[in-house]
Amino acid sequence: MRSIELQGAGGTSLIALGLPISSVPDLCQGKKIAVITDGNVYGFHGDRFPECSTIKIGTGEKEKTLDTVHRIYETFLSLELDRSSFVVGIGGGIVCDIAGFAASTYLRGLPFGFVPTTLLSQVDASVGGKNGVNFQGYKNLIGTFNQPQFVLCDFRLLRTLPKAEVKNGLAEVIKHALIGDRDLLSLLEKERENILSLQEDTIEEIVHSSLEVKVDIVSRDEKEGGERRKLNFGHTFGHAIEKTMGLSHGEAVSIGMVMEARLSMSKGLLTVHDVHRIKDMLKEYGLPTAAALDRESVIDAVGKDKKRENQDIHCVLLDGIGASRIERVKLQELAEAFDDLCEHC
Ligand code: GLY
């Protein structure tokens, strides 16, 4: 078992890797627990949940609303939760985002922790203190920055994941390697078979390295004033592609990473060899590196992204493999470069 500590403004978050889900009551210090999960996760893992009240929400992005939070508050009230209680979100990113938001706002803040059950939520969503819900079609418009007291990553929970879901998580691991850890990239190249077969020690190794990149960035810029934007590498185009093409998050971010690597190359920060290495790696993990994109709709969606400031986009560029920087790029420049960024993808 390994652990990482994230020091946030409101306290320390303990990230425990390789600990079994049965350790949740200890991490909650014997307090009264209310679990928030979804029916899918409960069906797979409910028999290993702690003995406590369990609030089940529906599955999918459509659940990430204030209505769902309203129903959770009602249950908190009927369970008579108070500040000595503990809320635990067990599930993927959507469950963690909603559980963290409900806990952060009820009674001005209950302590909470997460047991992420997808690779994507282990390496990204559950760590870093962003909690929230969507509003009127805008993703994560309502939310808080508030760190969970703990994040428990039990790698046995990943065994029930469909392959497509594992790939979603791997896209974010590759992103972390590209922006901050070239050794992690080499490990991903070397250990592909063990990783794809979810061999636990290797998964622990890549989740640990991945989270060290994220935690290092978040501890310097918890509220995304600058440095934290680096975590958006591949997401400027990725979010736009996800929205317009209906691809999964990981697939869209994979194509976005190739385009943003090409943008970095056009600015002299990456070599052709680096871009090929990135594409080869994504392909090896079964992630797409190109799609027939409609320039107008993708650029339109990029322009509506929250990373925009007036006509400038805060783009994350790779400064060699394993290093990154943020540069403001005009939306017009991205539109003009679009065909080159897609070319040879
Ligand atoms: N997923 C990006 C962040 O946590 O800032």
Side-chain angles (χ1 to χ4, degrees), residues 4-10 13 15 61 64 89 91-101 104 112-114 116-134 138-148 150-151 153 165 167-181 184 206-243 248-254 256-257 260 302 305-309 313-318 324-326:
I4 304 177
E5 282 190 0
L6 196 166
Q7 198 59 54
S13 184
I15 304 160
E61 198 68 28
K64 234 177 123 172
I94 293 170
V95 165
C96 293
D97 280 5
I98 296 171
F101 179 69
S104 296
F112 65 101
F114 295 140
T117 56
T118 63
L119 184 60
L120 182 60
S121 58
Q122 290 189 350
V123 297
D124 194 14
S126 67
V127 171
K130 283 185 179 175
N131 314 291
V133 293
N134 305 332
Y138 290 90
K139 275 187 89 157
N140 303 321
L141 197 70
I142 315 282
T144 56
F145 283 103
N146 192 20
Q147 300 297 338
F150 68 81
V151 178
C153 295
E165 190 46 54
K167 279 199 269 177
N168 267 331
L170 287 170
E172 296 291 338
V173 175
I174 294 169
K175 176 197 81 179
H176 287 142
L178 293 174
I179 62 170
D181 185 351
L184 175 57
I206 62 162
V207 172
H208 182 261
S209 299
S210 196
L211 287 180
E212 282 209 319
V213 173
K214 178 157 186 178
V215 165
D216 180 51
I217 289 174
V218 173
S219 56
R220 275 181 282 129
D221 175 24
E222 192 177 10
K223 298 210 169 153
E224 203 165 0
E227 176 95 1
R228 187 164 179 165
R229 294 195 176 113
K230 287 183 175 176
L231 296 169
N232 292 328
F233 175 65
H235 288 62
T236 298
F237 283 113
H239 277 154
I241 293 168
E242 185 177 356
K243 204 162 151 188
S248 74
H249 184 72
E251 289 171 332
V253 166
S254 178
M257 286 195 284
E260 291 167 38
V302 169
D305 198 280
K306 60 180 186 247
K307 291 181 278 301
R308 184 170 66 86
E309 208 169 297
I313 308 290
H314 292 279
C315 281
V316 185
L317 302 173
L318 295 184
S324 45
R325 61 160 86 164
I326 301 147

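Remember, it's 1-based here, ligands and their atoms both numbered in the order they're listed.
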Partners of His249 by side chain to side chain donor-acceptor pair (under 3.5 Å), sequence neighbours excluded?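 Checked His249 against side chain to side chain donor-acceptor pair (under 3.5 Å); matches are Glu172, His235, Glu242.
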Under the 3.5 angstrom rule, does the side chain of Asn168 hit a backbone N or O of Leu120 as a donor-acceptor pair?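 No: the side chain of Asn168 does not pair with the backbone of Leu120.
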Given the rule in the side-chain contact (heavy atoms from CB on, under 4.5 Å) test, do Ile206 and Val123 qualify, once you have shown the distances and angles that lead to the verdict? CA-CA 9 Å; Ile206 62 162; Val123 297; over 6 Å; no
Might you list the protein residues in contact with ligand 1, defined as having a heavy atom under 4.0 Å from one of its atoms, sorted by chain and number? Asp124, Lys130, Lys214, Arg228, Leu231
Test of understanding: with ring-ring contact (aromatic ring centres under 6.0 Å, His included), list the residues that count as partners of Phe112, not counting sequence neighbours. Phe114
For Phe150, all residues meeting ring-ring contact (aromatic ring centres under 6.0 Å, His included), sequence neighbours excluded: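 Counting only residues at least two positions away or on another chain, Phe150 forms a ring-ring contact (aromatic ring centres under 6.0 Å, His included) with Phe86.
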Ignoring hydrogens, what is the shortest heavy-atom contact between Ser104 and Asn131? Give both atom names and the distance.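 Answer, listing the atom of Ser104 first, then Asn131: OG-ND2, 3.9 Å.
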